[in-house]
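For ligands, and for the atoms within them, numbers begin at 1 and follow the listed sequence. Bear in mind the structure is a predicted one, so any value in this text is a computation, not a measurement.
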Amino acid sequence: MKVLVINCGSSSLKYQLIDSETEQVLAKGLCERIGIDGCLTHKPTGKDKVEMNADMPNHTAAVSLVLQQLTDAKNGVIASLDEIGAVGHRIVHGGEKFAASTVLTEEVCKEIEKCNDLAPLHNPANLIGINACKELMPNVPMVGVFDTAFHQTMPDVSYLYGIPYEYYEKYAVRRYGFHGTSHSFVSKRVAEIMGKKPEDLKTIVCHLGNGASICAVQNGKSVDTSMGFTPLEGLVMGTRSGDLDPAVLEYVAKKENLNISEVLQVLNKKSGVQGLSQVSSDFRDLHAEADKGNKKAEVAVEVFVHRVVKYIGAYAAVMNGVDVIAFTAGIGENDALIREMVLNHMGYLGVKFDAEKNKFAGEERIVSTDDSKVVAMVVPTNEELAIARETVALV
Ligand code: ADP
């Protein structure tokens, strides 16, 4: 079956068409500036990349253009839309309602809408994408795959904040966690690589990208994760602050004459290693600057590593041990120096780091020695493939 995977944002839409039998990507692309003017980048596998400006007044127009390109005589990869057997949608927030992927019926979409409050920037955009696809492909089954679902197995001790209980009861204020599709995909792959059942492993997955989170996976289930009510909690990220004393909000608001929303904007968009280094959110730039003697860039990298180290230690404690530490996403897969800096702190857990094996980028591989008690490895994530698999399983 051919599955169209859609990740719809407020003004952008990423897509991949995946052949579920071979798990090959047939085409992928991105619509940007939807509702403003419109720009499409379309890459059919084995053919030239297409970049074009095209009117996209709304998401339906964007999806329509994507479908046209997929079936185009020159740039297309399928003869007709009938070849698309299902559509898998990435949905950011499923609240407490969705602990697994689900077929998108009218009722389900209403339930997702109820979660809009929890993710006001993302869920409404996801729903717009779903509706646009339903309009253009009314008879094709659609599945929703939630970023939060994998973490619904967290026990209350992990998900409750130390605030009045009625805020949880009345407003659903709790930790949800994100990147669930990636943590699930990587932890399953870890079990395959180790030749063990997920039930027999304690794994810490470090998803280190521009957005970054760590997850403790025990018995194949998420038992704790670093992102919380929103993706702002936890690690120091590209532009997000991560954990912070909430009293900083009021203090900075007064000093800078900002309101709460404006301070949150700073914490989401202008903080993290970008804010610390005042140079870049990209680790390639940070390393280059640090090499040139830029102290702020050097400290930003060290702060990032320190927080990762703290969370790994915390999750080894939560699970009373750890068998595997896995790295994934842009930094985790490609940045050998960050892996080395993190793993050099892990001797106390029984990790023997292998600097030679670590010198590579972007591929699946073990980076600890053969006699290491805890296995450290790199497992490239593939959220689109995970969504396609979930979609096929449900339709
Ligand atoms: P997201 O999906 O959250 O946007 P990614 O997982 O694509 O993030 O990761 C993007 C980040 O990965 C970049 O900002 C950069 O810091 C880092 N990155 C990507 N490639 C490399 C590389 N070769 N070396 C070091 N860091 C890299």
Task: Distance filter under 4.0 Å to Gly211 heavy atoms, resulting ligand 1 atoms - done: 3 (O)

Task: Ser213 and His207 side chains, donor-acceptor separation under 3.5 Å - done: no

Open item on the list: Closer than 4.0 Å to some heavy atom of Phe283 - which atoms of ligand 1 meet that?
Closed with: 15 (C), 16 (O), 26 (N)

TODO: Just need the protein heavy atom nearest to atom 22 (C) of ligand 1, so name the residue and atom and give the distance.
DONE: Asn334 CB, 3.4 Å

TODO: Please report which non-hydrogen protein atom sits nearest to atom 14 (O) of ligand 1, along with the residue it belongs to and the distance in Å to one decimal place.
DONE: Asp282 OD2, 3.7 Å

Open item on the list: Between Glu106 and Lys110, does any side-chain N to carboxylate O distance fall below 4.0 Å?
Closed with: no

Open item on the list: Does the plane of the ring in His93 sit parallel, tilted or perpendicular to the ring in Phe178? Use 30° and 60° as the thresholds.
Closed with: perpendicular

- [ ] Verify the distance criterion only: is there a donor paired with an acceptor across the side chains of Gln274 and Ser280 at less than 3.5 Å?
- [x] no

TODO: Determine which pairs satisfy side-chain hydrogen bond (donor to acceptor under 3.5 Å, both in side chains) with at least one residue from residues 386-395, sequence neighbours left out, and list them in order.
DONE: Glu23-Arg389, Ser101-Glu390

Task: Closest protein heavy atom to atom 24 (N) of ligand 1, given as residue, atom name and distance to 0.1 Å - done: Arg284 CG, 3.5 Å

- [ ] For the residue pair His287 and Asp335, confirm or rule out a side-chain donor-acceptor distance under 3.5 Å.
- [x] yes

Open item on the list: Counting only nitrogen or oxygen atoms and a 3.5 angstrom limit, does Asn210 reach ligand 1?
Closed with: yes

TODO: Mark yes when over 12 heavy atoms from residues, nucleotides or ligands other than Lys270 sit less than 6.0 Å from its NZ; otherwise mark no.
DONE: no

Under 3.5 Å, sequence neighbours excluded: what are the donor-acceptor pairs made by side chains of residues 341-352?
residue, atom, partner, partner atom, Å
Asn344, ND2, Glu340, O, 3.3
Lys352, NZ, Asp371, OD2, 2.7

- [ ] Kindly state if atom 2 (O) of ligand 1 has a protein heavy atom within a strict 4.0 Å cut-off, that is, under 4.0 Å?
- [x] no

Task: Ile331 neighbourhood, listing ligand 1 atoms whose heavy-atom distance to it stays under 4.0 Å - done: 12 (O), 16 (O), 17 (C)

Open item on the list: Is it the case that ligand 1 has an N or O less than 3.5 angstrom from some N or O of Gly209?
Closed with: no

TODO: Using a strict cut-off of 4.0 Å, indicate which atoms of ligand 1 neighbour a heavy atom of Ala329.
DONE: 6 (O)

TODO: Between Ser280, Gly330, Ala336, flag the one that comes closest to atom 6 (O) of ligand 1 by a heavy atom.
DONE: Gly330

